Amino acid sequence: MTDRLLTWTLGAATLMVASLIAIIAAFLLNESLGMLNRVELGRFFTDSGWSPTMSRFNILPMIVASVLLMAGAVIVAAPLAIFTAVFLRFYAPSPVIDIGRRIIEVLAAMPSVVYGLWGLVVLVPIIAAWQQPGASLMAGILVLSLMIFPTITIVVHSGLAAMPRHYIEASQALAMSRAYMVRQVVLPAVRASIAAGITLGAARAIGETMAVMMVTGNIVAVPGDLFDPVRALTSNIALEMAYALGDHRGALYISSLLLLSIVILLVLINEFIVSNKLEH
Amino acid sequence: MDRITEATSYIQEQDSSSGNICLCTESLCLSYGTRAALENVNLRIPSRAVTAIIGPSGSGKSSFLCCLNRMTDLCCSTTIEGSVRLGEHDIHRDLGKNPIALRRRVGMVFQHPNPFPFSIWKNLALPLKHHGVRNKQELSSVIEQALRRVGLWEEVGDRLRDSALTLSGGQQQRLCIARALVLEPEVLLMDEPCSSLDPLSTKCIETLIGQLKNSYTIVVVTHDLAQARRVADHVALFWNADGVGRLIEQGPAARVFQHPEHELTTSYLEGQL
Amino acid sequence: MQYLFDCRRITALVFVVSWIGFSASHASDKLRLLATGSSTVAPVMAELARKYEQAHPGARIDVQTGGSSRGVADMINGLCDMGMVSRDLKPSERVLHAYTIAHDGIAVITHRDNPVDALDRIQLIKIYRGEARDWGDVGGIAGVPVVVVNKAAGRSTLELFLRYLDLAPDQVRPDIIIGDNQQGLKTVAGNRSGIGYVSIGAALQAQQEGVPIKLLTLEGAKPTIANVTAGNYPITRPLNIVTRKPAQGAVSEVLAFIHSDEGVAVIESLNFVPVQ
């Protein structure tokens with residue numbers, strides 16, 4: 001009886017979440033379709049620039065910016081996060097483990113605006129002293145790295161903690177050094193957790209709005225180097241949605257739809273990596 | 001308690017017909033934190049023979065086995081007193097902080113088959129690569145040899161790239177034995193290696209143990225007396241006395257099974273306890 | 001791990017959904033007004049709202065920012081009770097009713113350590129068109145690049161500033177685009193070669209709080225409250241509250257409060273010029 005009740009409750013909750021996501025997707029599609037009937041899709045990538053009030057809808061620079069920000073943040077944060085998780089699980093003395101985990105949990109729970117503010121007041125001036133104007137792709141990548149680092153660390157650490165102990169016993173009995181065990185056995189064995197952590201981190205990075213808007217300079221242009229300012233798709237929506245009307249609004253809905261598609265793509269890639277368990 | 005003290009005195013007069021002693025423990029005591037697990041174990045393990053460690057659950061058989069290759073180091077709160085000698089060396093004092101050299105000489109097979117979640121090939125290649133075998137051809141030949149020795153080559157030789165987890169339980173256990181053997185250890189410790197296997201696989205492993213004892217010293221923990229009778233050359237019986245594991249009798253298998261000296265052994269073999 | 005992830009999501013969603021339900025059920029209890037729009041008007045409105053709520057227990061005024069265009073759009077769509085707009089209404093917006101609550105100007109700001117103290121309109125045009133890329137071109141230290149900070153589209157500060165310079169939005173060559181006044185102030189405070197423009201009230205307020213910025217003299221006029229009041233400063237603007245119908249009921253009470261002595265004191269304390 002209890003089991004049936006639980007099944008129904010969980011089923012209902014799952015259904016609710018699934019339908020909410022479906023409703024959001026349907027809403028975005030609906031808002032975008034009207035726009036797509038009037039403006040052909042190709043124009044979003046080939047128009048001469050982004051001035052929606054003058055009917056120019058090129059969002060390509062912002063897609064490039066969002067993807068670069070996400071990729072950069074993952075490249076910086078993922079190795080650090082994996083190192084930290086391994087250190088906390090296999091190397092750190094126990095007082096350090098407790099403190100380390102607390103710090104990482106606090107970092108993970110910190111509102112993104114705090115990271116953004118820190119980036120704006122501390123990081124951007126430091127970069128500006130080196131390469132003007134400071135607010136740049138680089139600043140965005142660093143702030144995002146800091147934000148997704150704890151996310152990835154926590155997921156990988158749970159993966160390490162949940163890893164069957166007998167892998168460690170087997171490695172030890174085979175006279176493996178700790179470093180070799182971590183490299184050759186542990187990390188490959190928790191690939192699924194690493195993939196999940198990176199996916200979660202990447203999704204957070206590409207969806208982040210406030211922190212990115214505060215530190216990237218928000219210039220709509222494909223960056224020539226790391227120190228050029230960029231505008232992410234999310235920042236664009238936040239900066240313009242409040243007053244956008246008509247086709248302008250439609251273009252912003254299309255960029256939201258695009259963001260959703262990128263996140264879905266990330267999840268699918270993760271699924272592919274996890275299901276494709278065997279190496280070689 | 002008295003009976004137990006009596007029994008340990010037997011060690012001194014043990015027959016030496018078994019040839020060279022490969023591993024021996026002297027006054028070995030093990031405790032987890034403040035809880036004692038083993039007390040005063042003096043066991044001699046002869047070379048190139050199968051020593052079966054038998055006894056009821058909780059008598060410290062597996063803990064004892066873990067002392068022999070220092071798997072006890074994995075729990076940070078263990079303390080060990082007394083000594084374990086492998087040939088000339090005291091494994092705790094002479095081999096220093098790093099047990100890697102010891103574990104190369106003393107391999108281990110666990111109760112549950114524990115292949116890594118990788119391919120069959122990689123399971124065997126990992127320990128080899130770590131210990132310096134990088135040449136692809138050499139790897140292949142050592143791996144083939146190891147698989148042939150455990151009788152797996154005929155079964156899986158054509159699908160080495162498949163996941164080890166797709167093998168049956170018995171095959172996995174034989175793979176784990178092969179994996180332990182690629183490092184050419186002197187001693188092979190086996191902790192209830194058949195307890196999670198079906199009778200056919202059990203028979204297969206037992207036959208394998210019979211073949212391996214010509215090249216290796218084998219210590220096998222088992223709670224299956226019939227198995228001990230089938231495979232063992234020497235037998236050691238552990239007993240749980242007041243929560244602490246002790247060795248109460250040891251000797252050649254035939255002698256222990258036919259003329260047990262300790263009355264607890266007699267009743268245990270008769271299945272009264 | 002997948003499991004934990006799902007669990008968290010579900011918990012968060014349940015929480016959000018129930019919170020929405022909870023707040024919806026309480027919305028109609030008491031007098032409650034929503035003001036949205038200009039980030040220049042917002043701090044004034046927030047402070048006025050606090051004083052008003054103290055004087056009228058049970059009343060509640062929520063203030064949200066997003067730029068003057070949002071104030072206009074929200075009011076047209078019926079999403080708020082008071083639209084905050086920091087400029088005159090455009091001809092197309094004349095269907096709305098505007099109530100001026102204060103006057104403000106737009107100050108050109110640099111970092112405190114920048115030796116340039118004054119600029120004229122021509123120099124500003126050169127800077128914002130990207131023709132003067134070096135502070136040496138406009139009387140500052142040669143070799144220091146000018147970092148042009150511009151406001152995002154849809155912000156009235158941008159529209160007024162560009163109208164003053166007689167520039168179209170796509171003629172401007174910005175290095176950084178910012179959203180609200182606070183981001184503009186922090187950006188310029190953090191960059192010694194930066195130049196930007198914000199509400200005079202907000203800039204003076206920040207300067208009083210120790211933010212390292214400098215307000216430049218523009219065409220010989222200092223950006224001070226006195227100059228705005230006297231009409232001597234070149235870029236001034238009204239801060240308006242807009243409504244769809246002529247103000248009535250609670251909204252007109254709030255407007256009356258804003259024009260009372262207490263309201264005027266609040267406006268002056270935030271460095272804006274009250275309407276007498």
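Note that this is a predicted model, so its numbers are computed, not measured. Chain letters run A, B, ... following the sequence lines, proteins first, then strands; residues in each count from 1.
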* Asked: Got A/Arg231 and C/Ile177 here, is their nearest side-chain heavy-atom distance under 4.5 Å?
  -> yes
* Asked: Side chain, backbone, both or neither: which part of C/Ala152 has an atom under 4.5 Å from a heavy atom of chain A?
  -> side chain
* Give the member of C/Pro169, C/Gly71, C/Gly194, C/Pro174 that has the highest number of heavy-atom pairs under 4.5 Å with chain A. => C/Pro174
* Asked: Which region of A/Ile126, side chain (C-beta onward) or backbone (N, CA, C, O), has a non-hydrogen atom less than 4.5 Å from a non-hydrogen atom of chain C, or is it both or neither?
  -> neither
* Structure fact -> Whatever's closer than 4.5 Å to a heavy atom in chain C on A/Arg249 counts as neither
* To do: Report yes or no: does C/Gln183 contribute a side-chain atom to a donor-acceptor pair with the main-chain N or O of A/Met213 at less than 3.5 Å?
  => yes
Sort out for me which of [options] touches chain C most, counting heavy-atom pairs under 4.5 Å.
options	value
A/Ile219, A/Val121, A/Val124, A/Val215	A/Ile219
A/Leu117, A/Asn218, A/Val220	A/Asn218
A/Pro133, A/Gly134, A/Ser51	A/Pro133

* Asked: Which atom names give the shortest non-hydrogen contact between C/Gly190 and A/Pro125, and what distance separates them?
  -> O-CB, 3.1 Å
* Asked: Rounded to the nearest 0.5 Å, what separation is found between the CG atom of A/Leu239 and the CG atom of C/Asp180?
  -> 9.5 Å
* To do: Quick one: pull up CD1 in C/Ile176 and OG in A/Ser136 and give me the separation to the nearest 0.5 Å.
  => 8.5 Å
